[in-house]
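What follows is one structure encoded as structure tokens, with my remarks underneath.
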Amino acid sequence: MLNEKVAELLNTQINKEFYSAYLYLAFANYFSDEGLDGFANWYNVQAQEERDHAMLIRQYMQNNDAPITFSAIDQPDTNFKSHMEVLENGLEHERYVTGLINNIYAAAYDVKDFRTMQFLDWFVKEQGEEETNATDLIKKMNLFGSDPKSLYLLDQELAARTYAAPSLVL
Ligand SMILES: [Fe+2]
């Protein structure tokens, strides 16, 4: 049986991951409106990954007979003033999520819940990759965003991102 606090944090994280998917779909909507379909594709794929994260945590809880409660998903703030602002919001969000994962890990550590810690190891690594990806996008936008031709090429590069199922199998 999962510790009560660990289970509660995992349950909340399901909601946070679905919110992440919602947020990235909002980013994709923005870029689609802006005519940057490659960026929109990149965030659509990102949203699929976030949904996977939610589903993995849900499955883990079910495997451990922990009851799951769904709550309302927050409305993302979509008042973006620039392309860069969206990218920066993305990095900020991933840093926030890293903090959430670390909190669950710490709670599991406190009660010697090694099973949950092992489960979360994948998420810890994943968050490192998410922060790197978000940072790389900002660097590229800084380099190429102000030149229309370069922005077009960057958009094409991001159009090539494809969805891959998560490497973690439960
Ligand atoms: Fe996630």
Side-chain angles (χ1 to χ4, degrees), residues 6-61 68-107 119-145 151 154-168 170:
V6 171
E8 189 190 318
L9 289 172
L10 285 168
N11 196 145
T12 301
Q13 194 62 29
I14 295 175
N15 181 279
K16 299 285 185 182
E17 298 292 344
F18 276 123
Y19 171 77
S20 298
Y22 219 33
L23 180 69
Y24 288 131
L25 288 175
F27 288 4
N29 291 344
Y30 166 82
F31 281 116
S32 190
D33 287 346
E34 292 286 307
L36 290 167
D37 291 339
F39 280 84
N41 171 69
W42 200 91
Y43 281 114
N44 278 328
V45 172
Q46 191 63 32
Q48 282 177 287
E49 286 196 0
E50 299 304 343
R51 196 199 56 203
D52 285 341
H53 298 165
M55 297 298 274
L56 284 166
I57 298 168
R58 172 175 173 263
Q59 185 65 57
Y60 178 76
M61 291 188 73
I68 296 164
T69 309
F70 283 161
S71 49
I73 299 167
D74 285 342
Q75 179 180 354
D77 181 9
T78 53
N79 201 11
F80 309 122
K81 288 172 197 72
S82 67
H83 302 154
M84 186 58 102
E85 190 183 313
V86 178
L87 270 47
E88 282 169 346
N89 281 0
L91 176 59
E92 193 185 323
H93 181 69
E94 286 305 331
R95 285 176 174 159
Y96 165 68
V97 173
T98 297
L100 295 175
I101 296 292
N102 288 348
N103 277 345
I104 309 172
Y105 205 105
F119 167 68
L120 288 175
D121 279 339
W122 184 87
F123 284 83
V124 171
K125 186 162 173 282
E126 177 76 3
Q127 280 312 119
E129 289 171 15
E130 303 287 34
E131 287 187 37
T132 301
N133 289 343
T135 303
D136 286 352
L137 267 188
I138 289 171
K139 284 182 189 168
K140 285 180 179 174
M141 187 61 104
N142 263 326
L143 285 168
F144 309 121
L151 182 62
L154 178 56
D155 190 60
Q156 297 239 299
E157 181 190 317
L158 299 182
R161 185 181 186 188
T162 53
Y163 168 73
S167 54
L168 178 64
L170 292 176

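What you see is a predicted model; the values in this text were computed from it and never measured.
- Distance check: F18 CZ to I57 CD1 gives 9.5 Å after rounding to the nearest 0.5 Å.
- Sorted by first then second residue, the side-chain hydrogen bond (donor to acceptor under 3.5 Å, both in side chains) pairs that include residues 81-93, not counting sequence neighbours, are S20-H93, E34-H83.
- Counting non-hydrogen atoms of other residues, nucleotides and ligands closer than 6.0 Å to CD of Q48 gives a total above 12.
- Within the 3.5 Å criterion, the main-chain N or O of L158 finds a donor-acceptor partner in the side chain of N41.
- Distance CG/N142 to CG/L87: 9.5 Å, rounded to 0.5 Å.
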Could you go through the side-chain contact (heavy atoms from CB on, under 4.5 Å) check for N15 and I73 one step at a time? CA-CA 7 Å; N15 181 279; I73 299 167; 4.1 Å; yes

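- Heavy atoms only, all atoms of each residue included: D155 and G38 are closest at OD1-N, 2.8 Å.
- Considering OG1 of T132 and CG of L91, their distance stands at 9.5 Å, rounded to 0.5 Å.
- Put simply, the side chain of N44 gets close to the backbone of A40: a donor and an acceptor are under 3.5 Å apart.
- Across all their heavy atoms, G90 and A134 have their closest contact at C-CB, 4.4 Å.
- For the pair L36/L151, a side-chain contact is recorded, criterion being any heavy-atom separation below 4.5 Å from C-beta on.
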Could you give me the CA-CA distance, side-chain angles and deciding distance for F119 and I104, then say whether side-chain contact (heavy atoms from CB on, under 4.5 Å) is met? CA-CA 11 Å; F119 167 68; I104 309 172; over 6 Å; no

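- With Q127 contributing its side chain and E94 its backbone, the two residues share a donor-acceptor pair below 3.5 Å.
- Rounding to the nearest 0.5 Å gives a distance of 8.5 Å between CD of Q59 and CD1 of I68.
- Here the side chains of L56 and W122 are in contact, with some heavy-atom distance below 4.5 Å.
- For the pair F70 and R58, the minimum side-chain heavy-atom distance is below 4.5 Å.
- Atom CE of M55 is surrounded by 12 or fewer heavy atoms from other residues, nucleotides or ligands within 6.0 Å.
- Using a 4.5 Å heavy-atom cutoff, the side chains of N133 and W42 are in contact.
- Contact check for R161 versus Q46: side-chain heavy atoms found under the 4.5 Å cut-off.
- Rounding to the nearest 0.5 Å places CD of E126 at 12.5 Å from CG of L120.
- Residues forming a ring-ring contact (aromatic ring centres under 6.0 Å, His included) with Y105 (at least two apart in sequence, or on another chain): none.
- At a threshold of 4.5 Å between non-hydrogen side-chain atoms, the residues E157 and F144 do not count as touching.
- The number of heavy-atom neighbours closer than 6.0 Å to OH of Y22, taken from other residues, nucleotides and ligands shown, is 12 or below.
- Counting heavy atoms from C-beta outward, V97 and K16 have side chains that stay 4.5 Å or more apart.
- The side-chain heavy atoms of L137 and Y43, taken from C-beta on, include a pair separated by under 4.5 Å.
- Atom CG of L25 and atom OG of S32 lie 11.5 Å apart (nearest 0.5 Å).
- Within the 6.0 Å centre-distance limit, the rings of F80 and F27 are counted as a close aromatic pair.
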Apply side-chain contact (heavy atoms from CB on, under 4.5 Å) to residues M61 and I14 and explain how you reach the verdict. CA-CA 10 Å; M61 291 188 73; I14 295 175; 3.8 Å; yes

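- Residues meeting the salt bridge (Lys or Arg N to Asp or Glu O under 4.0 Å) test with R95, sequence neighbours left out: none.
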